[in-house]
Protein chains: 2
Amino acid sequence: MPPSSASAAFRSTIIEVARDAGVSKTSVSRYLGGERHRLSPDMQARIATAIQRLGYRPNQMARGLKGGRSKLIGMLVADIRNPFSVDVLHGVEQACRARGFSLLVCNTDNDPAQERDHLALLASYRVEGIVINAAGRPSAELKALAAQGTPIVLLDRSLGDVDADVVGLDNASAIDLAIEHLVEQGYRHMLFVSEPPQGASSRQLRLDRFHQRLAQMPELTGDATCLPMQRDAAELRQRLGSFLAGEAQAPRAILCANGNVTLQVALALNALHARLGETGLLGIDELDWCALAGPGITTLAQPTEAIGRATVESLMQRLEPMGRQAPPRRTEYAARLIARGSTQR
Amino acid sequence: MPPSSASAAFRSTIIEVARDAGVSKTSVSRYLGGERHRLSPDMQARIATAIQRLGYRPNQMARGLKGGRSKLIGMLVADIRNPFSVDVLHGVEQACRARGFSLLVCNTDNDPAQERDHLALLASYRVEGIVINAAGRPSAELKALAAQGTPIVLLDRSLGDVDADVVGLDNASAIDLAIEHLVEQGYRHMLFVSEPPQGASSRQLRLDRFHQRLAQMPELTGDATCLPMQRDAAELRQRLGSFLAGEAQAPRAILCANGNVTLQVALALNALHARLGETGLLGIDELDWCALAGPGITTLAQPTEAIGRATVESLMQRLEPMGRQAPPRRTEYAARLIARGSTQR
DNA sequence: TTGTATGCGTTATCAA
DNA sequence: TTGATAACGCATACAA
């Protein structure tokens with residue numbers, strides 16, 4: 001009879017199973033460790049029954065303590081409320097599961113302090129590898145982890161000083177694709193809106209590339225602006241208002257650096273009663289409501305699940321003894337254009 | 001010098017710190033366990049230096065194994081891609097942090113099999129409590145956990161057979177509020193759209209209440225339909241099409257059981273070229289793009305962060321020896337109406 | 001104020 | 001085919 005009458009959390013141990021089955025704990029351990037073929041059928045049956053009866057679950061703490069293989073992967077997400085992050089997280093989780101690993105997810109809210117704490121937590125649980133969507137500059141904890149040899153894969157954002165694989169979007173090509181589409185559709189005056197880079201390499205890369213391309217194309221004029229979103233939208237609205245009211249004659253378009261920006265810009269344009277299409281709008285990151293806003297918002301979709309899977313792929317290679325020393329590798333994916341009414345004049 | 005030359009993940013232990021500092025491991029243990037006041041300043045300094053130098057981190061596995069207090073809370077989320085879930089998760093995480101607990105998040109994708117696996121995982125890590133946004137019927141694992149005395153709090157969805165606190169929306173009142181608003185706005189013929197309840201109590205409660213209210217109000221006519229979303233939208237579009245084309249003369253409105261439904265319905269209405277407002281639309285769950293779709297979509301917002309915090313509150317009480325035996329408690333929050341153009345005729 | 005010894009639940013190394 | 005026993009890293013009762 002199971003100890004269901006216990007009022008405090010109580011769980012049976014391998015010893016109790018052994019006693020209940022009338023065998024040694026070594027045998028029970030073997031049974032659990034995939035060495036059943038070395039046990040007599042009779043013993044197997046007795047152990048199975050005992051495990052069932054006691055509702056026994058091996059204690060991972062003890063397991064991890066002994067062997068060192070925790071079968072755990074840690075993941076740090078900069079912003080769990082960002083749909084892009086969640087989609088990638090989903091891919092990472094699936095891939096981990098498929099490889100027999102469990103994923104410990106930590107949200108850092110783009111806060112370096114939380115990032116440090118969570119990193120310490122993951123380290124203390126002896127995760128075998130870490131996927132990190134970094135917030136800001138690399139912390140001492142991260143460097144220590146890397147120095148100790150814990151495999152690390154950087155997601156979306158690379159980190160100076162840290163020698164690790166990076167998986168993410170081909171940011172330069174994405175910007176090229178966006179500008180190319182906008183030009184094709186006849187827009188000639190562009191505003192790039194981003195959140196402040198603050199060490200997020202993908203943001204910086206997109207911003208840089210925008211400036212670079214603009215300089216290369218004399219037929220275009222444009223500007224870029226970096227504003228913290230989330231805040232009161234007044235500043236953004238004002239900035240967009242002056243862009244729309246500017247003296248330039250050319251058709252105008254706004255390029256949003258990520259999904260969060262796209263949302264805020266769309267809200268601001270809505271408040272300004274701008275007509276999408278007449279004012280071009282293209283956002284990086286596909287969002288599930290993009291078809292709903294006005295004539296639909298044109299986006300550059302990232303292959304989120306693929307990115308997630310590739311991340312785990314990289315990590316798994318580093319887990320192998322041979323993959324350990326390989327030089328850092330970048331894996332970049334192309335964005336896919338989803339054209340909608342917001343870039344249709 | 002730190003062992004940064006090690007190629008494999010290597011971490012120092014308390015023994016190495018003790019040796020390096022020239023003290024016993026007990027002293028190091030005390031230093032870490034918040035008993036520094038009992039150590040001589042000199043020894044404190046030596047230990048601190050050694051810890052620093054070796055980059056030492058206590059092994060939580062060993063700690064958990066010894067004391068039993070893992071300082072870990074586990075959370076099962078039925079659908080990590082649902083914004084409502086993520087918002088609540090965010091609240092739960094904050095509250096846990098504030099109490100000195102870390103949160104282990106597991107996504108179950110509404111799949112009972114994954115739920116079982118993750119539950120087993122959490123149990124094996126000896127989490128001190130579990131927050132669960134259940135997928136389907138209670139599994140044997142969950143019952144076992146509950147029977148063993150692990151405090152459990154149910155989020156949004158209650159579970160037959162499981163004696164646990166439940167925190168969530170006051171579903172009946174929410175439906176009442178929705179219907180009341182629609183009636184006030186002049187709508188008389190209503191369609192309630194939901195995903196199949198399949199054991200999700202909140203879905204069932206909303207559906208039941210809708211039927212009940214409709215029966216009480218002779219001036220109203222209406223119907224309810226349960227469809228799996230995510231699928232191809234054809235079925236939903238067809239269902240909505242026939243609702244819109246029905247012979248009833250009265251103004252029509254659609255009531256969506258949750259955010260996911262709202263999205264799919266909005267997409268379908270868009271495809272059908274229905275004009276929002278003329279066709280009323282009200283959705284449970286506030287979404288960040290609701291202001292953007294046509295004239296804006298009216299919603300019933302759930303106090304997500306409050307729900308998250310209350311959940312942890314309940315859990316913490318159960319963690320106390322005295323709170324252990326208290327009878328199960330329900331905590332229900334009222335929804336807040338956010339009126340927009342979609343319910344403006 | 002400091003140190004020694006024991007045990008947490010498991011796996012691995014022996015020996016039988 | 002099976003079992004006794006020694007670690008794993010830490011906290012704690014006990015001793016000094």
Side-chain angles (χ1 to χ4, degrees), chain A residues 3 8-47 50-51 54-72 120 123-128 148, chain B residues 8-47 50-51 54-72 120-121 123-128 148:
Chain A
F10 171 81
R11 33 237 341 172
S12 37
T13 74
I14 202 172
I15 291 199
E16 293 165 313
V17 174
R19 186 162 38 214
D20 189 274
V23 304
S24 79
K25 57 179 184 165
T26 306
S27 298
V28 179
S29 179
R30 285 207 251 265
Y31 179 87
L32 276 88
E35 301 189 66
R36 313 193 183 179
H37 55 281
R38 299 202 161 176
L39 303 178
S40 69
D42 172 55
M43 184 174 269
Q44 286 189 41
R46 300 223 309 282
I47 293 177
I51 287 178
L54 296 172
Y56 169 75
R57 289 268 169 219
N59 183 333
Q60 283 291 1
M61 297 282 180
R63 276 191 162 170
L65 185 54
K66 189 64 180 72
R69 304 201 54 76
S70 63
K71 277 296 175 186
L72 242 36
S124 72
Y125 279 100
R126 301 300 187 259
V127 294
E128 297 185 38
Q148 284 174 342
Chain B
F10 171 81
R11 31 237 343 171
S12 36
T13 74
I14 201 172
I15 290 201
E16 294 163 315
V17 173
R19 186 160 38 212
D20 188 272
V23 303
S24 79
K25 57 179 188 165
T26 306
S27 298
V28 179
S29 178
R30 284 208 250 267
Y31 178 87
L32 278 92
E35 300 188 66
R36 311 192 185 179
H37 56 281
R38 298 202 161 177
L39 302 178
S40 68
D42 172 56
M43 183 173 273
Q44 286 189 39
R46 301 224 307 282
I47 294 176
I51 287 178
L54 298 172
Y56 170 74
R57 288 265 168 224
N59 183 333
Q60 282 291 3
M61 299 281 183
R63 273 190 164 170
L65 186 54
K66 189 64 180 63
R69 304 201 55 78
S70 63
K71 277 295 174 185
L72 243 35
L121 180 78
S124 72
Y125 279 100
R126 301 300 186 259
V127 294
E128 298 185 37
Q148 284 173 341

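First the proteins, then the strands, lettered A, B, ... as listed; each starts at 1.
Separating the OG1 atom in A:Thr13 from the OH atom in A:Tyr56 is a distance of 7.0 Å, to the nearest 0.5 Å. Here the CD1 atom belonging to B:Ile47 is positioned 9.0 Å from the CD1 atom belonging to B:Ile14, to the nearest 0.5 angstrom.
Taking every heavy atom of both residues into account, B:Arg36 and B:Tyr31 meet most closely at NE-O, 3.1 Å. Considering every non-hydrogen atom in both B:Gly64 and A:Met61, the closest pair reads CA-SD, 4.4 Å. The shortest non-hydrogen separation linking A:Arg126 to B:Arg57 is NH2-O, 3.5 Å. Annotation for A:Val17 and A:Val28: closest pair CG1-CG1, 3.9 Å, computed over non-hydrogen atoms.
For the pair B:Arg30/B:Val23, no side-chain contact is recorded, criterion being any heavy-atom separation below 4.5 Å from C-beta on.
A:Arg46 places a side-chain N or O within 3.5 Å of a backbone atom of A:Ala21 that can act as its donor or acceptor partner. Proximity of a side-chain donor or acceptor of A:Gln44 to a complementary backbone N or O of A:Leu39 within less than 3.5 Å is detected.
Rounded to a whole Å, the CD1 atom of A:Ile15 is 12 Å from the C1' atom of D:dT5. One interatomic measurement links the two molecules: CD of A:Glu35 to C1' of D:dT1, which rounds to 12 Å at whole-angstrom precision. Taking atom CD on B:Glu16 and atom P on D:dG9, their separation rounds to 8 Å, with Å as the unit. To the nearest angstrom, P of C:dT10 lies 12 Å from CZ of A:Arg57. In this entry the distance linking CD1 of B:Ile14 with P of C:dG3 reads 12 Å, nearest Å. At whole-Å resolution of the value, CG in A:Leu65 and P in D:dA11 are 12 Å apart. At whole-Å resolution of the value, NZ in B:Lys66 and P in D:dT12 are 7 Å apart. To the nearest angstrom, C1' of D:dT2 lies 10 Å from CD1 of A:Ile47.
For the OP1/OP2 pair of D:dC10 and a distance below 4.0 Å, the side-chain nitrogens and oxygens of B:Arg63 include no atom meeting the criterion.
B:Met43 comes within 4.0 angstrom of the backbone, heavy atoms only, and of no base. Residue A:Ser29 is classed as a base contact, given a heavy-atom separation below 4.0 Å to a base. Across all strands, B:Leu39 comes closer than 4.0 Å only to sugar-phosphate atoms, never to a base (heavy-atom distances). Residue contacts shown for B:Tyr56 are limited to sugar-phosphate atoms, with no base heavy atom under 4.0 Å away.
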Enumerate the protein-to-nucleotides 14-16 of chain C contacts in which both atoms are nitrogen or oxygen and the separation is below 3.5 Å.
none

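For the segment residues 19-28 of chain B, residues with any heavy atom less than 4.0 angstrom from an atom of DNA chain D are, sorted by number, B:Lys25, B:Thr26.
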